[in-house]
A.B. asks: 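Sharing a structure here in structure tokens format.
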Amino acid sequence: MARVVVIGGGFGGMAAAARLAKLGHRVRLFERTEQLGGAVRKVEQDGFSWDIGPTAMTLPAAIRDTFRKSGRPLEQVRDLVPVETPRWHVFQDGSAIDLPIQSRSGQRAELEQTLGKSAADAWELTIDQLGPTWELLRAQALEQPYKGIRALGVKGARTLAPWRNLAELKLPDERLRAVLEHHLIVTGTDPRTAPAYLAVHAYVERTFGLWTCEGGLTGLVDAFVRRLAERKVDVRLGAPVAKITSKNRTITGVVLEDGREITADLVVAADGTADLRTGDVRLTCIGVDRQAPVLPHETVVHGDPLVVVRAPQSQRAWTILCYGEGDPLDLLADRGIDIRPYVLTRRDLQTPQYGPPWSWRTLTPNRDPHTHGLFHVGGTTRPGPGLPYVMLGAALVAEDIGKAQRQQAQAN
Ligand SMILES: Cc1cc2nc3c(=O)[nH]c(=O)nc-3n(C[C@H](O)[C@H](O)[C@H](O)COP(=O)(O)OP(=O)(O)OC[C@H]3O[C@@H](n4cnc5c(N)ncnc54)[C@H](O)[C@@H]3O)c2cc1C
């Protein structure tokens, strides 16, 4: 049994802690703030309550696997519900698309009607082409640590990158490109230089859908809190870690900000390593009255800046993410969506970018190459930002640590 310290109680840290405790390790988790969940959290004002981080996630299997591999399955603890409403894309010329999420035929029908048959054909072909890319990524980078492009061979490299980069992809309508690229902008990635495989997100959403919980994803935080208690993880809140310590390039533990030294055999850093963040994004929380128009789960207003309105489960507590300058409500009004008359309360915040630029080169590897016994999990590490990927990264680390222990036992 190893003594494990997990730094940070976001989804990455909680998933790693629960899995490692289930593998029989003695796990202590130190969280800087007074609550678990990290980016998944709520703020409240004037009777409104907003999820100011993630509101939905794709790949529901990632969270189900986390719970199954750490105790009782998620279905017995909490229900996931699909996001049924399409994503509304509004363009600078005033046109709009109601693009269904988990439906190939639904996407074709909507695109045929709004942009025409050749655009619908091109979209379908492009997203279908990303199917093999997804299968390759799943097998080579999500279910095992990615070993680099050379390990894929010539055929694998071609499958990974159907186009050299996204800029090379030919689409008959610039609005399709905007739809494909918006996810990159919100993850802090420049679409002009983004590797082609990042478009796989559109395939993943079309295939696996978007999922949330009744009342928002913070419901999953409660489920994690209970799971950590069941697995006897020693959780310390309000306990920032100041330093990771090592000797001869081998982990010895951590030092808390209050000066206490904690000895550990293994450290999992899941602190959302700030130095990789690309900066903050403006987030405006608004509470609207009952006369406000009904918006789908997400409205993406294209242009510069990109503005995303999230109205989870048609509640009246909306969040607006603005990726550039200007007042988001005025920007929306300029683009034909004037919700200013319906606003009852408003709160402006800064939030960290959804993730760092998404590429294997910029993301920290899960096993630290310099210090033995140090691992990295979370949105700034491999396989990337977003809740499912963060939990898949935790699974890779748990698997890696499990293996190391077995090898040690065999060697003894
Ligand atoms: C506004 C916004 C919207 C998003 N929307 C979505 C979405 O819809 N769907 C989706 O899948 N993903 C979304 N994401 C991305 C997703 O939230 C992140 O990828 C994921 O939450 C990262 O989890 P994490 O555990 O790596 O980091 P975090 O959630 O940031 O957790 C890190 C934790 O470490 C703690 N910590 C930091 N330093 C220390 C220290 N020194 N000592 C102790 N503790 C420390 C922090 O307090 C924090 O609790 C969104 C992100 C943002 C910011």
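Note that the coordinates shown come from a computational prediction; the quantities given were computed from them, not determined experimentally. The basis for the numbers below is simple: all heavy atoms, side chains too, and nothing from hydrogens, waters or symmetry mates. Atoms within each ligand, like the ligands themselves, are counted from 1 in listed order.
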A.B. asks: Which atoms from ligand 1 have a heavy atom of Pro352 less than 4.0 Å away?
C.D. replies: 53 (C)
A.B. asks: Below 4.0 Å from any atom of ligand 1, is there a heavy atom belonging to Gln35?
C.D. replies: no
A.B. asks: Geometry only, no angles: is Gly386 polar-contacting ligand 1 at N/O separations under 3.5 Å?
C.D. replies: yes
A.B. asks: Give the contacting part of Tyr354 toward ligand 1: side chain, backbone, both or neither, where contact means a heavy-atom distance below 4.0 Å.
C.D. replies: both
A.B. asks: Going by the order shown, which atoms of ligand 1 are within less than 4.0 Å of some heavy atom of Gly378?
C.D. replies: 26 (O)
A.B. asks: Near Arg231 CZ, under 6.0 Å, is it more than 12 heavy atoms from other residues, nucleotides or ligands?
C.D. replies: yes
A.B. asks: Could you state the interatomic distance from OG1 (Thr187) to NE2 (His182), rounded to the nearest 0.5 Å?
C.D. replies: 9.5 Å
A.B. asks: Is NZ or CZ of Arg206 both nearer than 6.0 Å to the six-membered ring centre of Trp123 and within 45° of the ring axis?
C.D. replies: no
A.B. asks: Answer whether the closest heavy-atom distance between the side chains of Arg310 and Asp51 falls below 4.5 Å.
C.D. replies: no
A.B. asks: Check contact between Ile7 and ligand 1, using heavy atoms of the residue and a distance below 4.0 angstrom.
C.D. replies: yes
A.B. asks: Out of all atoms in ligand 1, which are within 4.0 Å of some heavy atom of Thr55? Include the element for each.
C.D. replies: 8 (O)
A.B. asks: As an exercise, identify every atom of ligand 1 less than 4.0 angstrom from a heavy atom of Gly12.
C.D. replies: 25 (O)
A.B. asks: Just which atoms of ligand 1 are under 4.0 Å from any heavy atom in Thr33?
C.D. replies: 47 (O)
A.B. asks: Within the 3.5 Å criterion, strictly below it, is a donor on Asp93 or Ser95 matched to an acceptor on the partner's side chain?
C.D. replies: yes
A.B. asks: What atoms of ligand 1 come closer than 4.0 angstrom to any heavy atom of Pro240?
C.D. replies: 42 (N), 43 (C)
A.B. asks: Take atom CD of Glu325 as the centre, draw a 6.0 Å sphere, and report whether it contains more than 12 heavy atoms from other residues, nucleotides or ligands.
C.D. replies: no
A.B. asks: Just jot down the ligand 1 atoms closer than 4.0 angstrom to any heavy atom of Pro388, in number order.
C.D. replies: 11 (O)
A.B. asks: Is ligand 1 less than 4.0 angstrom away from at least one heavy atom of Ile52?
C.D. replies: yes
A.B. asks: Does Glu143, at its CD atom, have more than 12 non-hydrogen atoms belonging to other residues, nucleotides or ligands within less than 6.0 Å?
C.D. replies: yes
A.B. asks: If you measure from each non-hydrogen atom of Thr351 to ligand 1, which part falls under 4.0 Å: side chain, backbone, both or neither?
C.D. replies: side chain
A.B. asks: Classify the angle between the aromatic ring planes of His89 and His302 as parallel (below 30°), tilted (30 to 60°) or perpendicular (above 60°).
C.D. replies: parallel
A.B. asks: Of all the heavy-atom pairs spanning Ala264 and Val5, show the shortest one and how long it is.
C.D. replies: CB-CG2, 3.8 Å
A.B. asks: Ala242: heavy atom below 4.0 Å from ligand 1, yes or no?
C.D. replies: no
A.B. asks: Look at atom 32 (C) of ligand 1 and find which of Ala39, Ala270, Gly8, Gly53 reaches it with the closest heavy atom.
C.D. replies: Ala270
A.B. asks: Answer with side chain, backbone, both or neither: which part of His297 has a heavy atom less than 4.0 angstrom from an atom of ligand 1?
C.D. replies: neither
A.B. asks: Show which atoms of ligand 1 fall inside a sub-4.0 Å distance from at least one heavy-atom site of Gly38.
C.D. replies: 29 (O), 31 (O), 48 (C), 49 (O)
A.B. asks: Out of Arg236, Arg32, Met391, Glu31, whose heavy atom is nearest to atom 35 (C) of ligand 1?
C.D. replies: Glu31
A.B. asks: Counting heavy atoms not belonging to Arg41, are there more than 12 under 6.0 Å from its CZ?
C.D. replies: no
A.B. asks: Flag Leu387 as yes when one of its N or O atoms lies below 3.5 Å from any N or O atom of ligand 1, and as no otherwise.
C.D. replies: yes
A.B. asks: Look at atom CZ of Arg158 and say whether more than 12 heavy atoms of other residues, nucleotides or ligands are closer to it than 6.0 Å.
C.D. replies: no
A.B. asks: Between Thr33 and Glu31, is any side-chain donor less than 3.5 angstrom from a side-chain acceptor?
C.D. replies: yes
A.B. asks: Please indicate whether any nitrogen or oxygen in Ala56 is less than 3.5 Å from any nitrogen or oxygen in ligand 1.
C.D. replies: yes
A.B. asks: Kindly confirm or rule out an N or O of Ala239 lying under 3.5 angstrom from an N or O of ligand 1.
C.D. replies: no
A.B. asks: Ring centroids only, cut at 6.0 angstrom: are His201 and Tyr389 within range, meaning strictly under it?
C.D. replies: no
